[in-house]
Amino acid sequence: MESRLNARSEVLGAIRSALGVSQDGERIAAEYAALPRGYKREATLTREEMLQLFVHRLEEYGAGVSRIASDGIRDEIAGRVEARGCGRLVIPYDLPTGWLPAGFDFVPYGGGGEASPMLSAAELDRMDGVLTGCTVAVAETGSIVLQSGPWQGSRALTLVPDYHLCVVFAEQVVETVPESFARLEATQSLPTTFFSGPSATADIEMTRIKGVHGPRFLDVLLVE
Amino acid sequence: MNPIAPSHWSNRDFPVAARELLEDSQTRSNVRHATNVIQAKRDAVAGELPDWQQLREAGEAIRAHSLAHLDYYLEQFEQACTRAGGQVHWARDAAEANQIILGLIQRYHVDEVLKIKTMTSEEVGLNRHLEANGIRAHETDLAELIIQMGGDKPSHFVVPALHKNRMQVREIFQREMHLPELGERPEDLAAAARGYLREKFLRLKVAVSGANFLIAENGAVCIVESEGNGRMCLTLPDVLISLVGIEKVLPRFQDLEVFLQTLPRSATGERMNPYNSIWTGVRQGDGPQEFHVVLLDNRRSPILGDAESRQTLQCIRCAACLNACPVYHQTGGHAYESVYAGPIGAILTPQLHSMEEGRTLPYASSLCGACYEVCPVKINIPEVLIHLRGKIVEEDQKTLSGQLGLWNVGMQAAALLFASASRLSLAQHLGRVAQKLFVARSGMIEHLPLMLSGWTQTRDLRPLPEQSFREWWAGRTPPGDVAKRELAGVDQAAGRGGLHGE
Ligand code: SF4
């Protein structure tokens, strides 16, 4: 224990002696506030252009995308899940029941109690897929951000199953990365995952190939 | 003598190691292919952003600010992380980091752990230390798995196995995973890795990671990756241990909006890599319920004290400077004999060893400036190289053999030129301008290899190779068209300006 404390004070001491006089918090904050931020932080596209860009980026990554109206969510889910040949999907316990078509087995997760037990990773591994909402999405990079907020569940849920069907509302889509950070600011300490397309690697001869450990198949419903 | 620090593999000098690697044409062609592909992709996605230069400026400013107040931000990070249920440990050096991590793992009575690719753990030699204590670390990044199974060493810090092609990977997997029927398509190889590792992800209880960024204001840790192996390790085990260099802290969560744009575009040429994970301490019912951060100094703090080379620590390890470097293109990463290869390795490695090792690395550059131009945090690598060369010369002038060395005489003559070159750094294309000056007016390229060889001589009393860089290159190159192309490459290495007709 003592040596641990020594390590801490020695490292901090070495940093201080290398840097010289340390400043107080206020001066540091003022310096931080004055850092140059000349990069683009606002949208420049029209809403429709932005949504089209988002769809295009997702498709480039190899995701399936449908643009639908809000009264079409349930049917589109049925269609997509059917097409992927999935029978059993895990869902966050708070997902709107109105989204769920009949004829499939939707297994709620994370609510506690018998109706919605915590599943082990091995149990998640036996699911055909997962259906969730999201927190925000970025058109410019085709990214979708999950936090453990409403309709998203915990991180394991959207990681272990091989198929992810994600519902994104048009008003959740922003054009740029900085805009997405502005939206995430208030909930910044929740576990946060950006995903951009299905899992992929370019480790072998620099060819991007779909799918290593995360979900290899991704469909997105863009709802207006 | 002390055992060689793990981050520097051997005492061989760059020219010696480079020569050997240049003889391996398969490796060279793999390296060239991979770096060309990434570089082209990087140029396209960096070029499409109209505010790329502003992003670089912001990135540089944020990193420089963080380093200037590193003690303040580290304490802030420690407090916030602890409040969120994380445990923060401090390690003065590699041995201490290894000891802390081993101790934590032993607490859980496991003999296998998951690993996410981390150069920092390579730097401290963690896997070896664990192995020696009966703990097997399973690398989970595809490239790291290839390296680990092949008993190899990483040659690039974004794509560590870029020196291996698919047939070589297939051979390794066939043998190590007992899959004689394995196909050769990259998809087959990735599927093999998925199958092999999934069981481990579901079973193992402890994972060790590095981190790309620490966030001071909320104690968050950010990891950027492609395959999902990172997410598996951050999410499924009960215990997560992250080993992180002290320089990696950023003041605020929002600062990620800069680096999550510049890092993926610079590193893999993608607009965004498939996965970014950001988490804070522990969260009940979601992810590991025990979380440790080990903050590693390992001779980073003294670098902060040198005003001219402090910028070395701004690095976000995108490897764009490797891909852009004509010398790296030709030699690959192993020639640097260090965990950190390429231009950044040439300045980081010797400093991490208090200038006692890797001393020829600052010469492993033609000062063409390509590394500076691509660097997303605007580290002026040529400037730091010149600065370090100066330091090496200064130190060696203190010894008699140093004073008598040929290289020293040449170096003193060169110092003037270097100085005037660095004055030109205000000009936008410093590197290339300097390079041209260097080649055209002074003929210094002829002198440099001489100094380089002299360096080797004074230091190790090895026989002096009576050849210049170009000559020994030409000597080993097979005849024919390939040779011509290679030679063009050498010219590029020696003076990039000429090739591009600038
Ligand atoms: S020095 Fe710059 S270009 Fe090189 S790896 Fe570091 S951040 Fe990237």
* Check: A:Phe195 and B:Pro274 side chains under 4.5 Å, non-hydrogen atoms -> no

* To do: Pick one of side chain, backbone, both or neither for B:Ala64, based on which atoms fall under 4.5 Å of a heavy atom in chain A.
  => neither

* Structure fact -> Bottom line for B:Glu270: the part with an atom under 4.5 Å from chain A's heavy atoms is side chain

* To do: Any chance you could measure B:Asn276, atom CG, to A:Thr192, atom OG1, to the nearest 0.5 Å?
  => 10.5 Å

* Please examine the side chains of B:Asn229 and A:Val212, heavy atoms only from C-beta on, and report whether any two atoms are closer than 4.5 Å. => no

* Asked: Would you say A:Val11 and B:Ile246 make side-chain contact, with heavy atoms under 4.5 Å?
  -> yes

* Got a second to check how far A:Ser196's OG is from B:Arg271's CZ, nearest 0.5 Å? -> 11.0 Å

* Which portion of A:Asp162 sits near chain B, non-hydrogen atoms under 4.5 angstrom -> both

* Select one option (side chain, backbone, both, neither) describing which atoms of B:Arg265 are under 4.5 Å from chain A's heavy atoms. => side chain

* What residues form a side chain to side chain donor-acceptor pair (under 3.5 Å) with B:His33, not counting sequence neighbours? -> none

* Asked: Tell me, side chain or backbone of B:Arg166 under 4.5 Å from chain A's heavy atoms, or both, or neither?
  -> both

* **Contact origin within B:Glu48 toward chain A - heavy atom pairs under 4.5 Å** => side chain

* Structure fact -> Most heavy-atom pairs under 4.5 Å with chain A, out of B:Arg185, B:Glu78, B:Gln76, belong to B:Glu78

* Sequence neighbours left out, what passes side chain to side chain donor-acceptor pair (under 3.5 Å) with B:Gln261? Give chain and number order. => none

* To do: Show your reasoning for whether side-chain contact (heavy atoms from CB on, under 4.5 Å) applies to A:Leu35 and B:Glu60.
  => CA-CA 10 Å; A:Leu35 296 178; B:Glu60 174 191 27; over 6 Å; no

* Structure fact -> With chain A, the option among B:Val88, B:Val37, B:Leu142 that has the most non-hydrogen atom pairs under 4.5 Å is B:Leu142

* Asked: Which atoms of A:Glu31 come close to chain B, meaning under 4.5 Å heavy atom to heavy atom: side chain ones, backbone ones, both, or neither?
  -> both

* To do: Sort B:Ala143 into side chain, backbone, both or neither according to what part of it lies under 4.5 angstrom from a heavy atom of chain A.
  => both

* With only heavy atoms counted, which part of B:Tyr72 is less than 4.5 Å from chain A, the side chain, the backbone, both or neither? -> side chain

* To do: Look at atom CD of A:Glu26 and say whether more than 12 heavy atoms of other residues, nucleotides or ligands are closer to it than 6.0 Å.
  => no

* **Which portion of B:Arg231 sits near chain A, non-hydrogen atoms under 4.5 angstrom** => both

* Determine whether A:Asn6 and B:Arg92 make a side-chain contact, defined as any pair of heavy atoms from C-beta on separated by less than 4.5 Å. => yes

* Under 4.5 Å between any side-chain heavy atoms of B:Arg310 and A:Leu19, yes or no? -> yes

* How many angstroms lie between OG1 in B:Thr140 and NE2 in A:His213, if you round to the nearest 0.5 Å? -> 6.0 Å

* Structure fact -> Looking only at B:Glu57, B:Gln254, B:Arg198, the option with the highest number of non-hydrogen pairs under 4.5 Å against chain A is B:Arg198

* To do: Check for a donor-acceptor pair, side chain of B:Arg194 on one end and backbone N or O of A:Gly214 on the other, with a separation under 3.5 Å.
  => yes

* **Contact class of A:Leu124 relative to chain B, heavy atoms under 4.5 angstrom** => neither

* **Steps toward side-chain contact (heavy atoms from CB on, under 4.5 Å) verdict (A:Leu159, B:Phe201)** => CA-CA 12 Å; A:Leu159 172 62; B:Phe201 288 135; over 6 Å; no

* Please report the closest heavy-atom contact between A:Arg37 and B:Ile62, naming both atoms and the distance. => NH1-CD1, 3.6 Å

* Report the option among A:Val160, A:Leu157, A:Val145 that has the most heavy-atom pairs separated by less than 4.5 Å from atoms of chain B. => A:Val160

* **Exam field: side chain A:Arg155 to backbone B:Asp286, donor-acceptor pair closer than 3.5 Å** => yes

* To do: Let me know if A:Glu123 has heavy atoms under 4.5 Å from chain B in its side chain, its backbone, both or neither.
  => neither

* Asked: So which heavy atom on A:Thr141 is nearest to which on B:Met272, and how close?
  -> CB-CB, 3.8 Å

* Asked: Side chain, backbone, both or neither: which part of B:Leu49 has a heavy atom under 4.5 Å from chain A?
  -> side chain

* Tell me, side chain or backbone of A:Ser143 under 4.5 Å from chain B's heavy atoms, or both, or neither? -> side chain

* Nearest-0.5 Å distance, OG1 of residue B:Thr280 to CD of residue A:Gln188 -> 7.5 Å

* Structure fact -> Note: A:Ala156 and B:Thr235 closest approach over all heavy atoms is N-CG2, 3.4 Å

* Asked: At their closest point, which heavy atom of A:Ala18 faces which heavy atom of B:Ser301, and how far apart are they?
  -> CB-O, 3.3 Å

* When A:Gly20, A:Gly25, A:Ser17 are compared by non-hydrogen pairs under 4.5 Å with chain B, the top option -> A:Gly25

* Asked: Does any heavy atom of chain B fall under 4.5 Å from the side chain of A:Leu184, the backbone, both, or neither of them?
  -> both

* Are any non-hydrogen side-chain atoms of A:Ile28 and B:His65 less than 4.5 angstrom apart? -> yes

* **Which portion of B:Asn273 sits near chain A, non-hydrogen atoms under 4.5 angstrom** => backbone

* Structure fact -> Within residues 39-52 of chain A, the residues sitting under 4.5 Å from chain B by heavy atom, in sequence order, are A:Tyr39, A:Lys40, A:Arg41

* To do: Using a strict cut-off of less than 4.0 Å between a Lys/Arg side-chain nitrogen and an Asp/Glu carboxylate oxygen, indicate whether B:Glu187 and A:Arg216 qualify as a salt bridge.
  => no

* Structure fact -> By ring-ring contact (aromatic ring centres under 6.0 Å, His included), A:Phe194 pairs with (sequence neighbours left out) A:Phe181

* Pick from A:Gly142, A:Ser180, A:Gly38, A:Ser120: which one has the most heavy-atom pairs with chain B under 4.5 Å? -> A:Gly38

* To do: With the side chain counted from C-beta on, respond yes when B:Leu202 and A:Asp125 share a heavy-atom pair under 4.5 Å apart, and no when they do not.
  => yes

* **Side-chain donor or acceptor of A:Arg8 paired with backbone N/O of B:Trp90 under 3.5 Å** => no

* Could you give the distance from CD (B:Glu75) to CG (A:Leu12), rounded to the nearest 0.5 Å? -> 5.0 Å

* Region of A:Val138 in contact with chain B, defined by heavy-atom distances below 4.5 Å -> neither

* Interface residue of largest heavy-atom contact number with chain B, from A:Ala122, A:Ala14, A:Pro178, under 4.5 Å -> A:Pro178

* Asked: Relative to chain B, which segment of A:Glu140 carries a heavy atom at a distance below 4.5 Å: side chain, backbone, both, or neither?
  -> both

* To do: Any chance you could measure A:Ser189, atom OG, to B:Arg83, atom CZ, to the nearest 0.5 Å?
  => 9.0 Å

* Verdict with supporting geometry, A:Ile15 and B:Leu74, side-chain contact (heavy atoms from CB on, under 4.5 Å) -> CA-CA 10 Å; A:Ile15 294 170; B:Leu74 282 172; 3.5 Å; yes

* Asked: Closest approach of B:Tyr275 and A:Ser199, non-hydrogen atoms and distance?
  -> OH-CB, 3.1 Å

* Can you say whether A:Pro198 sits under 4.5 Å from chain B via the side chain, the backbone, both, or neither, judging by heavy atoms? -> backbone

